[in-house]
K.L.:
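Structure below; questions to follow.
Both counts, for ligands and for their atoms, begin at 1 and track the order of listing.
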Amino acid sequence: MIETIDLHKDYRIGKVLFPALRGIDMKIEDGEFTAIAGPSGSGKTTLLNIIGCLDVPTRGKILIDGTNINELSSRRKAELRKTQIGFVFQTFNLIPVLTAYENVELPLVLLNLEPDKKKERIVAILEEVGLGEFIGRRPNEMSGGQQQRVAIARALVKEPTMVLADEPTANLDSTTAKEILALMQELNEKHGTTFIFSTHDQLVMDYSRRTINLRDGRIVEDKRKPKGPR
Ligand SMILES: Nc1ncnc2c1ncn2[C@@H]1O[C@H](COP(=O)(O)OP(=O)(O)OP(=O)(O)O)[C@@H](O)[C@H]1O
Ligand SMILES: [Mg+2]
(Lines give C-alpha, C1' and ligand atoms only; values in the text may rest on other atoms or scores of the structure.)
(Ligands and ions follow the chains in the order given, each with its own letter.)
Protein backbone atom coordinates (compact mmCIF):
# COMPACT_ATOMS: atom_id res chain seq x y z
CA MET A 1 0.00 0.00 0.00
CA ILE A 2 1.05 3.56 -0.69
CA GLU A 3 0.17 6.22 1.83
CA THR A 4 1.00 9.90 1.76
CA ILE A 5 0.67 12.08 4.83
CA ASP A 6 0.55 15.85 4.47
CA LEU A 7 2.86 15.71 1.48
CA HIS A 8 4.28 19.04 0.30
CA LYS A 9 6.61 19.89 -2.53
CA ASP A 10 8.03 23.34 -3.11
CA TYR A 11 10.09 24.10 -6.17
CA ARG A 12 12.60 26.87 -5.90
CA ILE A 13 12.93 29.19 -8.86
CA GLY A 14 15.65 31.68 -8.04
CA LYS A 15 14.56 33.18 -4.74
CA VAL A 16 10.91 32.26 -5.12
CA LEU A 17 9.38 29.08 -3.73
CA PHE A 18 6.55 27.61 -5.72
CA PRO A 19 4.28 25.20 -3.84
CA ALA A 20 3.50 22.40 -6.32
CA LEU A 21 1.97 20.06 -3.72
CA ARG A 22 0.23 21.51 -0.68
CA GLY A 23 -0.71 18.74 1.69
CA ILE A 24 -1.63 15.51 -0.10
CA ASP A 25 -3.19 12.80 2.09
CA MET A 26 -4.17 9.62 0.32
CA LYS A 27 -3.98 5.85 0.44
CA ILE A 28 -3.66 3.60 -2.56
CA GLU A 29 -4.15 -0.09 -1.93
CA ASP A 30 -2.33 -2.89 -3.74
CA GLY A 31 -3.96 -3.78 -7.04
CA GLU A 32 -5.72 -0.45 -7.57
CA PHE A 33 -6.22 1.05 -11.05
CA THR A 34 -6.28 4.74 -10.25
CA ALA A 35 -6.07 7.97 -12.23
CA ILE A 36 -4.63 11.19 -10.86
CA ALA A 37 -6.38 13.90 -12.82
CA GLY A 38 -6.38 17.68 -12.86
CA PRO A 39 -5.46 20.64 -15.03
CA SER A 40 -1.97 21.33 -16.32
CA GLY A 41 0.27 22.43 -13.49
CA SER A 42 -1.90 20.92 -10.73
CA GLY A 43 0.93 18.66 -9.52
CA LYS A 44 0.22 15.28 -11.13
CA THR A 45 3.73 14.57 -12.39
CA THR A 46 5.26 15.92 -9.19
CA LEU A 47 3.15 13.49 -7.16
CA LEU A 48 3.95 10.52 -9.40
CA ASN A 49 7.66 11.28 -9.28
CA ILE A 50 7.60 11.36 -5.49
CA ILE A 51 5.65 8.10 -5.30
CA GLY A 52 8.19 6.59 -7.71
CA CYS A 53 11.16 7.73 -5.59
CA LEU A 54 12.40 9.90 -8.46
CA ASP A 55 11.97 13.03 -6.34
CA VAL A 56 11.67 13.84 -2.65
CA PRO A 57 8.97 15.84 -0.85
CA THR A 58 9.80 19.09 0.92
CA ARG A 59 7.64 18.07 3.86
CA GLY A 60 5.35 15.21 4.83
CA LYS A 61 5.68 11.49 4.51
CA ILE A 62 5.28 8.83 1.93
CA LEU A 63 4.96 5.26 3.13
CA ILE A 64 5.23 2.22 0.91
CA ASP A 65 4.01 -0.87 2.73
CA GLY A 66 4.47 1.03 5.96
CA THR A 67 8.08 2.07 5.28
CA ASN A 68 8.80 5.79 5.22
CA ILE A 69 10.76 6.07 2.00
CA ASN A 70 12.29 9.43 2.94
CA GLU A 71 14.24 7.56 5.55
CA LEU A 72 15.71 4.99 3.17
CA SER A 73 19.31 5.32 2.04
CA SER A 74 19.72 6.24 -1.62
CA ARG A 75 20.87 2.67 -2.23
CA ARG A 76 17.71 1.18 -0.74
CA LYS A 77 15.66 3.69 -2.72
CA ALA A 78 17.38 2.67 -5.95
CA GLU A 79 16.74 -0.95 -5.04
CA LEU A 80 13.05 -0.21 -4.53
CA ARG A 81 12.84 1.55 -7.90
CA LYS A 82 14.69 -1.27 -9.60
CA THR A 83 12.56 -4.11 -8.27
CA GLN A 84 9.13 -2.74 -7.32
CA ILE A 85 8.32 0.17 -9.57
CA GLY A 86 7.78 0.29 -13.33
CA PHE A 87 7.51 3.58 -15.20
CA VAL A 88 5.62 4.40 -18.40
CA PHE A 89 6.14 7.85 -19.85
CA GLN A 90 4.10 10.05 -22.15
CA THR A 91 6.78 10.02 -24.82
CA PHE A 92 7.56 6.31 -24.38
CA ASN A 93 11.29 7.01 -23.75
CA LEU A 94 12.54 4.01 -25.68
CA ILE A 95 16.17 3.80 -26.74
CA PRO A 96 16.13 4.35 -30.52
CA VAL A 97 19.07 2.13 -31.42
CA LEU A 98 17.75 -0.85 -29.49
CA THR A 99 15.15 -3.34 -30.67
CA ALA A 100 11.89 -3.99 -28.80
CA TYR A 101 13.55 -7.01 -27.20
CA GLU A 102 16.61 -5.03 -26.12
CA ASN A 103 14.53 -2.15 -24.75
CA VAL A 104 12.55 -4.59 -22.61
CA GLU A 105 15.76 -6.32 -21.54
CA LEU A 106 17.23 -3.11 -20.07
CA PRO A 107 15.59 -3.15 -16.63
CA LEU A 108 16.61 -6.78 -16.23
CA VAL A 109 20.28 -6.04 -16.79
CA LEU A 110 20.35 -4.78 -13.21
CA LEU A 111 18.74 -7.91 -11.81
CA ASN A 112 20.63 -11.18 -11.57
CA LEU A 113 18.56 -13.53 -13.68
CA GLU A 114 19.69 -16.65 -15.48
CA PRO A 115 20.04 -15.93 -19.23
CA ASP A 116 17.43 -18.51 -20.25
CA LYS A 117 14.94 -17.31 -17.71
CA LYS A 118 15.55 -13.73 -18.73
CA LYS A 119 14.93 -14.47 -22.38
CA GLU A 120 11.78 -16.40 -21.58
CA ARG A 121 10.39 -13.51 -19.57
CA ILE A 122 11.14 -10.91 -22.24
CA VAL A 123 9.54 -12.95 -25.00
CA ALA A 124 6.52 -13.78 -22.83
CA ILE A 125 5.80 -10.17 -21.89
CA LEU A 126 6.25 -8.93 -25.48
CA GLU A 127 3.79 -11.60 -26.59
CA GLU A 128 1.42 -10.61 -23.82
CA VAL A 129 1.32 -7.00 -25.02
CA GLY A 130 0.70 -8.25 -28.57
CA LEU A 131 4.15 -7.66 -30.01
CA GLY A 132 5.29 -11.24 -30.58
CA GLU A 133 6.14 -10.44 -34.20
CA PHE A 134 7.85 -7.13 -33.46
CA ILE A 135 10.57 -8.38 -31.15
CA GLY A 136 13.35 -7.38 -33.53
CA ARG A 137 11.96 -3.96 -34.53
CA ARG A 138 13.43 -0.65 -33.48
CA PRO A 139 11.18 2.16 -32.18
CA ASN A 140 11.24 4.10 -35.48
CA GLU A 141 9.93 1.00 -37.23
CA MET A 142 6.84 0.89 -35.01
CA SER A 143 3.65 2.95 -34.56
CA GLY A 144 3.07 5.08 -31.47
CA GLY A 145 0.74 2.48 -30.00
CA GLN A 146 3.29 -0.27 -30.59
CA GLN A 147 6.01 1.83 -28.98
CA GLN A 148 3.81 2.42 -25.95
CA ARG A 149 3.28 -1.36 -25.76
CA VAL A 150 7.04 -1.84 -25.69
CA ALA A 151 7.22 0.74 -22.89
CA ILE A 152 4.51 -1.13 -20.95
CA ALA A 153 6.36 -4.43 -21.47
CA ARG A 154 9.54 -2.74 -20.26
CA ALA A 155 7.74 -1.50 -17.12
CA LEU A 156 6.25 -4.92 -16.39
CA VAL A 157 9.09 -7.27 -17.24
CA LYS A 158 10.64 -7.05 -13.80
CA GLU A 159 7.26 -7.94 -12.29
CA PRO A 160 6.95 -4.77 -10.21
CA THR A 161 4.26 -4.29 -7.57
CA MET A 162 3.31 -0.94 -9.10
CA VAL A 163 3.38 0.78 -12.46
CA LEU A 164 3.37 4.57 -12.60
CA ALA A 165 2.26 5.97 -15.93
CA ASP A 166 2.56 9.70 -16.63
CA GLU A 167 -0.01 10.62 -19.33
CA PRO A 168 0.34 7.24 -21.04
CA THR A 169 -2.24 8.02 -23.74
CA ALA A 170 -1.27 11.62 -24.54
CA ASN A 171 0.50 10.71 -27.77
CA LEU A 172 -2.01 8.13 -28.96
CA ASP A 173 -5.20 8.41 -31.01
CA SER A 174 -8.35 7.41 -29.15
CA THR A 175 -8.64 3.94 -30.70
CA THR A 176 -5.06 3.08 -29.81
CA ALA A 177 -5.48 4.68 -26.38
CA LYS A 178 -8.44 2.37 -25.71
CA GLU A 179 -6.40 -0.66 -26.73
CA ILE A 180 -3.56 0.37 -24.44
CA LEU A 181 -5.94 0.99 -21.52
CA ALA A 182 -7.67 -2.35 -22.06
CA LEU A 183 -4.26 -4.01 -22.09
CA MET A 184 -3.22 -2.34 -18.82
CA GLN A 185 -6.57 -3.29 -17.29
CA GLU A 186 -6.03 -6.90 -18.28
CA LEU A 187 -2.50 -6.90 -16.83
CA ASN A 188 -3.82 -5.28 -13.64
CA GLU A 189 -6.45 -7.98 -13.25
CA LYS A 190 -4.15 -10.85 -14.16
CA HIS A 191 -1.07 -9.92 -12.15
CA GLY A 192 -2.62 -7.75 -9.43
CA THR A 193 -0.13 -4.99 -10.27
CA THR A 194 -1.10 -1.54 -8.97
CA PHE A 195 -1.47 1.03 -11.77
CA ILE A 196 -1.39 4.77 -11.11
CA PHE A 197 -1.84 7.16 -14.03
CA SER A 198 -1.57 10.86 -14.33
CA THR A 199 -3.90 12.14 -16.99
CA HIS A 200 -6.04 14.84 -18.60
CA ASP A 201 -7.76 12.24 -20.71
CA GLN A 202 -11.41 11.44 -19.93
CA LEU A 203 -10.88 8.03 -21.49
CA VAL A 204 -8.30 7.13 -18.85
CA MET A 205 -10.72 8.22 -16.12
CA ASP A 206 -13.46 6.12 -17.75
CA TYR A 207 -11.26 3.05 -17.50
CA SER A 208 -10.05 3.79 -13.98
CA ARG A 209 -11.66 2.45 -10.83
CA ARG A 210 -10.83 5.59 -8.93
CA THR A 211 -10.06 9.18 -9.90
CA ILE A 212 -8.16 11.50 -7.59
CA ASN A 213 -8.59 15.09 -8.76
CA LEU A 214 -5.92 17.68 -8.05
CA ARG A 215 -6.16 21.46 -8.21
CA ASP A 216 -3.22 23.65 -7.31
CA GLY A 217 -1.45 20.87 -5.45
CA ARG A 218 -4.42 19.74 -3.37
CA ILE A 219 -6.89 16.88 -3.66
CA VAL A 220 -10.31 18.35 -4.43
CA GLU A 221 -12.14 15.13 -5.20
CA ASP A 222 -11.54 11.40 -4.73
CA LYS A 223 -14.11 9.30 -6.56
CA ARG A 224 -14.40 5.52 -6.61
CA LYS A 225 -16.53 3.49 -8.93
CA PRO A 226 -18.53 0.54 -7.76
CA LYS A 227 -17.16 -2.91 -8.61
CA GLY A 228 -18.52 -4.67 -11.64
CA PRO A 229 -17.99 -4.31 -15.37
CA ARG A 230 -16.32 -1.06 -16.32
N1 LIG B 1 11.51 21.39 -11.73
C2 LIG B 1 10.63 22.36 -11.49
N3 LIG B 1 11.02 23.58 -11.08
C4 LIG B 1 10.12 24.55 -10.82
N5 LIG B 1 8.80 24.39 -10.92
C6 LIG B 1 8.34 23.20 -11.32
C7 LIG B 1 9.23 22.12 -11.65
N8 LIG B 1 8.48 21.06 -12.02
C9 LIG B 1 7.19 21.46 -11.95
N10 LIG B 1 7.10 22.74 -11.53
C11 LIG B 1 5.87 23.50 -11.30
O12 LIG B 1 5.07 22.79 -10.37
C13 LIG B 1 3.71 22.76 -10.76
C14 LIG B 1 3.23 21.33 -10.89
O15 LIG B 1 3.90 20.75 -12.00
P16 LIG B 1 3.57 19.28 -12.54
O17 LIG B 1 4.54 18.98 -13.60
O18 LIG B 1 3.51 18.36 -11.37
O19 LIG B 1 2.10 19.49 -13.11
P20 LIG B 1 1.18 18.49 -13.94
O21 LIG B 1 -0.12 18.42 -13.22
O22 LIG B 1 1.89 17.21 -14.20
O23 LIG B 1 0.96 19.29 -15.29
P24 LIG B 1 0.80 18.75 -16.80
O25 LIG B 1 -0.61 18.27 -16.91
O26 LIG B 1 1.03 19.98 -17.62
O27 LIG B 1 1.82 17.69 -17.03
C28 LIG B 1 3.63 23.57 -12.04
O29 LIG B 1 3.17 24.87 -11.75
C30 LIG B 1 5.04 23.61 -12.56
O31 LIG B 1 5.32 24.80 -13.23
MG1 LIG C 1 2.61 16.28 -15.91
K.L.:
Identify, for atom 26 (O) of ligand 1, the protein heavy atom at the shortest distance, and state residue, atom and that distance.
P.N.:
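Result for atom 26 (O) of ligand 1: S40 OG, 2.6 Å.
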K.L.:
Need the ligand 1 atom indices (1-based, order shown) with element for anything under 4.0 Å from a heavy-atom of T46.
P.N.:
14 (C), 15 (O), 16 (P), 18 (O)
K.L.:
Hey, are K9 and D55 close enough for a salt bridge, meaning a charged N less than 4.0 Å from a carboxylate O?
P.N.:
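Answer for the salt bridge query: yes.
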K.L.:
Taking C-beta and beyond as the side chain, do K225 and R210 meet within less than 4.5 Å on heavy atoms?
P.N.:
no
K.L.:
Taking the inter-plane angle between the rings of F33 and F197 on a 0 to 90° scale, is it parallel (under 30°), tilted (30 to 60°) or perpendicular (over 60°)?
P.N.:
perpendicular
K.L.:
Taking only Lys NZ, Arg NE, NH1 and NH2, and the carboxylate oxygens of Asp or Glu, determine whether E32 and R209 approach each other closer than 4.0 Å.
P.N.:
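Not counted as a salt bridge, because no side-chain N and carboxylate O are separated by less than 4.0 Å.
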K.L.:
Which residue supplies the protein heavy atom nearest to atom 9 (C) of ligand 1, what is that atom called, and how far is it?
P.N.:
Y11 CE1, 3.3 Å
K.L.:
Any idea which protein heavy atom is nearest atom 25 (O) of ligand 1, and the distance to it?
P.N.:
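Of the protein heavy atoms, K44 NZ, 2.7 Å lies nearest.
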K.L.:
Under 4.0 Å from a heavy atom of E167: which atoms of ligand 1 are those, numbered in the order shown and with their elements?
P.N.:
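Going through ligand 1 atom by atom, the ones under 4.0 Å from E167 are 25 (O).
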K.L.:
If every non-hydrogen atom of C53 is compared with every non-hydrogen atom of L80, which pair is closest and at what distance?
P.N.:
SG-CD2, 3.6 Å
K.L.:
Of V150, T99, V104, V123, which meets side chain to side chain contact (heavy atoms under 4.5 Å, CB included) against I135?
P.N.:
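The option that passes is V123.
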K.L.:
For ligand 1, which part of S198 has a heavy atom less than 4.0 Å away: the side chain, the backbone, both, or neither?
P.N.:
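Looking at S198 and ligand 1, no heavy atom falls under 4.0 Å.
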K.L.:
Indicate yes or no: does E128 engage K190 in a salt bridge with an N to O separation below 4.0 Å.
P.N.:
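So E128 pairs with K190 through a salt bridge.
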K.L.:
Out of all atoms in ligand 1, which are within 4.0 Å of some heavy atom of P39? Include the element for each.
P.N.:
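Those of ligand 1 that fall under 4.0 Å from P39 are 21 (O).
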K.L.:
Answer with side chain, backbone, both or neither: which part of R12 has a heavy atom less than 4.0 angstrom from an atom of ligand 1?
P.N.:
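Contact part for R12 vs ligand 1: neither.
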K.L.:
Taking only heavy atoms of H200 into account, list the atoms of ligand 1 that are under 4.0 Å away from them.
P.N.:
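Near H200, the atoms of ligand 1 are 25 (O).
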K.L.:
Quick one: are N103 and P139 in side-chain contact, heavy atoms under 4.5 Å?
P.N.:
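Contact flag for N103/P139 side chains = yes.
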K.L.:
Check ligand 1 against G43 and write out every atom of the ligand that is under 4.0 Å from a heavy-atom position of the residue.
P.N.:
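Per the distance check, 14 (C), 18 (O), 19 (O), 20 (P), 21 (O).
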K.L.:
Taking only Lys NZ, Arg NE, NH1 and NH2, and the carboxylate oxygens of Asp or Glu, determine whether K82 and E79 approach each other closer than 4.0 Å.
P.N.:
yes
K.L.:
Name the closest protein heavy atom to atom 14 (C) of ligand 1, giving the residue it belongs to and the distance to 0.1 Å.
P.N.:
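For this ligand atom, the closest protein heavy atom is G41 O, 3.4 Å.
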K.L.:
So, is Q90 placed with an N/O/S atom under 2.8 Å from the Mg ion (ligand 2), counting both backbone and side chain?
P.N.:
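Looking at Q90, which is the residue asked about, there is no N, O or S atom under 2.8 Å from the Mg ion (ligand 2).
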K.L.:
Please indicate whether any nitrogen or oxygen in A20 is less than 3.5 Å from any nitrogen or oxygen in ligand 1.
P.N.:
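Not met; the criterion fails.
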K.L.:
Go through it in stages, so that I can follow the logic: the residues are R149 and E179, the test is side chain to side chain contact (heavy atoms under 4.5 Å, CB included), and I'd like the CA-CA distance, side-chain angles, deciding distance and then a yes or no.
P.N.:
CA-CA 10 Å; R149 284 167 195 269; E179 282 170 22; 3.1 Å; yes
K.L.:
Which is closest to atom 17 (O) of ligand 1 in terms of heavy atoms, L21, I13, T45?
P.N.:
T45
K.L.:
Checking contacts now, so for atom 30 (C) of ligand 1, which I'm interested in, is there any protein heavy atom under 4.0 Å?
P.N.:
no
